[in-house]
K.L.:
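Handing you a structure now.
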Amino acid sequence: MNYKFVLVDTTTGKDVAEWILPPPVTVGRCSTTEVTLGDVSISRRHCQFFLDPYGSLVVRDLASKNGIYVDERRVDKAVVIPGTEVRIGKVTMRVELTDEEMDSGPEPADILDLDETQPMKIIEIDPEFS
């Protein structure tokens, strides 16, 4: 069994996106998290789902600004059973068990031949930006 993390549109009740990942799974706005959500109510590293020593899935707040809510109660840490909805900032995520295959990771990066000269890319920076 694997865990499926489902992003839910609370106005329509429809599933928007899903991730099948092994715990630990960190959720946040930062691109280095396993589940990256681009909502301003979410901290860069907002919360983490992990397995406790007894095999239960637990969600914990990572000192986020807007907190996490399980069963409409703000919590620092809580056991999450399949079907539970966790509100992360203003976003709702449902956790399920599934037999589906886990998501594959990102495509491997191209390996450059260090014996070859690579062209340099020059990026123009707007003077008003700095």
Side-chain angles (χ1 to χ4, degrees):
M1 286 289 185
N2 295 316
Y3 285 98
K4 181 190 294 188
F5 301 89
V6 182
L7 185 62
V8 179
D9 180 344
T10 54
T11 57
T12 64
K14 293 186 179 184
D15 298 349
V16 177
E18 63 182 44
W19 299 263
I20 300 171
L21 300 166
V25 172
T26 304
V27 178
R29 263 192 359 253
C30 182
S31 63
T32 60
T33 58
E34 287 80 17
V35 176
T36 303
L37 302 171
D39 188 279
V40 295
S41 69
I42 298 174
S43 298
R44 286 180 287 145
R45 291 177 40 83
H46 199 101
C47 66
Q48 183 179 52
F49 292 88
F50 65 96
L51 294 176
D52 72 5
Y54 305 102
S56 298
L57 186 67
V58 176
V59 62
R60 74 172 156 209
D61 192 351
L62 298 176
S64 67
K65 181 179 179 182
N66 293 314
I68 58 173
Y69 293 78
V70 176
D71 296 329
E72 298 303 317
R73 288 183 42 205
R74 188 169 182 160
V75 297
D76 289 326
K77 182 166 66 168
V79 172
V80 179
I81 59 172
T84 299
E85 289 188 349
V86 178
R87 188 162 43 106
I88 303 164
K90 293 182 180 177
V91 175
T92 300
M93 184 171 283
R94 185 178 63 248
V95 180
E96 301 175 352
L97 278 175
T98 183
D99 287 328
E100 296 176 57
E101 294 284 325
M102 283 190 266
D103 291 339
S104 59
E107 294 294 319
D110 291 335
I111 298 173
L112 301 175
D113 183 351
L114 297 179
D115 291 332
E116 286 183 19
T117 302
Q118 299 294 320
M120 183 179 357
K121 183 174 182 179
I122 299 173
I123 301 172
E124 297 292 330
I125 298 177
D126 185 354
E128 292 181 13
F129 181 72
S130 36

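This is a predicted model, so every value here is computed, not measured.
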K.L.:
Under 4.5 Å between side-chain heavy atoms, hopping through other hydrophobics if needed: is there a path connecting Val95 to Val58?
P.N.:
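Cluster IDs for Val95 and Val58 differ.
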
K.L.:
Per the side-chain contact (heavy atoms from CB on, under 4.5 Å) rule, which among Ile20, Val25, Leu57, Thr98 passes with Tyr3?
P.N.:
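Single pass found, and it is Leu57.
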
K.L.:
Side-chain contact, heavy-atom cut-off 4.5 Å: Ser43 with Leu62?
P.N.:
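The answer is no; the side chains never approach within 4.5 Å.
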
K.L.:
Return the set of residues passing side chain to side chain donor-acceptor pair (under 3.5 Å) with Ser64 (not counting sequence neighbours), or none when no residue passes.
P.N.:
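By the side chain to side chain donor-acceptor pair (under 3.5 Å) rule, Ser64 matches His46, Asp61.
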
K.L.:
Specify the closest pair of heavy atoms between Asp39 and Arg29, including all atoms of both residues, with the distance to one decimal.
P.N.:
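Between these two residues, the closest heavy atoms are O-CD, 3.2 Å.
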
K.L.:
Mind listing the side-chain donor-acceptor pairs of residues 66-81 below 3.5 Å, one per line with the distance, residues two or more places apart or on another chain?
P.N.:
residue: Asn66; atom: ND2; partner: Ser41; partner atom: O; Å: 2.8

K.L.:
Can you spot which of Val91, Asp15, Ile88, Thr92 makes a side-chain contact (heavy atoms from CB on, under 4.5 Å) with Leu7?
P.N.:
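That would be Val91; it is the only one of Val91, Asp15, Ile88, Thr92 passing the side-chain contact (heavy atoms from CB on, under 4.5 Å) with Leu7.
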
K.L.:
For Thr26, does its backbone N or O pair with a side-chain atom of Glu34 as donor and acceptor, under 3.5 Å?
P.N.:
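Yes, Glu34 side chain to Thr26 backbone: donor-acceptor pair under 3.5 Å.
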
K.L.:
Test of understanding: with side chain to side chain donor-acceptor pair (under 3.5 Å), list the residues that count as partners of Thr84, not counting sequence neighbours.
P.N.:
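With sequence neighbours excluded, Thr84 shows a side chain to side chain donor-acceptor pair (under 3.5 Å) to no residue whatsoever.
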
K.L.:
What are the two closest heavy atoms between Phe5 and Leu21, and how far apart are they?
P.N.:
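Taking Phe5 first and Leu21 second, the nearest heavy atoms are CE1-O, 3.8 Å.
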
K.L.:
I'd like to know if Val59 and Leu37 are part of one continuous hydrophobic network [Ile/Leu/Val/Met/Phe/Trp/Tyr, side-chain heavy atoms within less than 4.5 Å].
P.N.:
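Yes, because Leu37 and Val59 connect within a single hydrophobic cluster, where side-chain heavy atoms sit under 4.5 Å apart.
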
K.L.:
Locate the shortest heavy-atom distance separating Val16 from Val8; write the atom from each residue and the value.
P.N.:
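That would be CG2-C, 4.3 Å.
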
K.L.:
Can you find a pair of side-chain heavy atoms, one from Met93 and one from Val35, that are under 4.5 Å apart?
P.N.:
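Heavy-atom side-chain distance check passes, below 4.5 Å.
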
K.L.:
Determine yes or no for a side-chain-to-main-chain donor-acceptor pair under 3.5 angstrom, with Thr36 supplying the side chain and Cys30 the backbone.
P.N.:
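The answer is yes, because a donor-acceptor pair under 3.5 Å joins these two groups.
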
K.L.:
If you round to the nearest 0.5 Å, how far is OG1 of Thr33 from CZ of Arg44?
P.N.:
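Atom-to-atom, Arg44:CZ and Thr33:OG1 are 11.5 Å apart.
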
K.L.:
To the nearest 0.5 angstrom, please state how far the CD atom of Glu85 sits from the CZ atom of Arg94.
P.N.:
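Answer for the CD-CZ pair, Glu85 versus Arg94, is 6.0 Å.
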
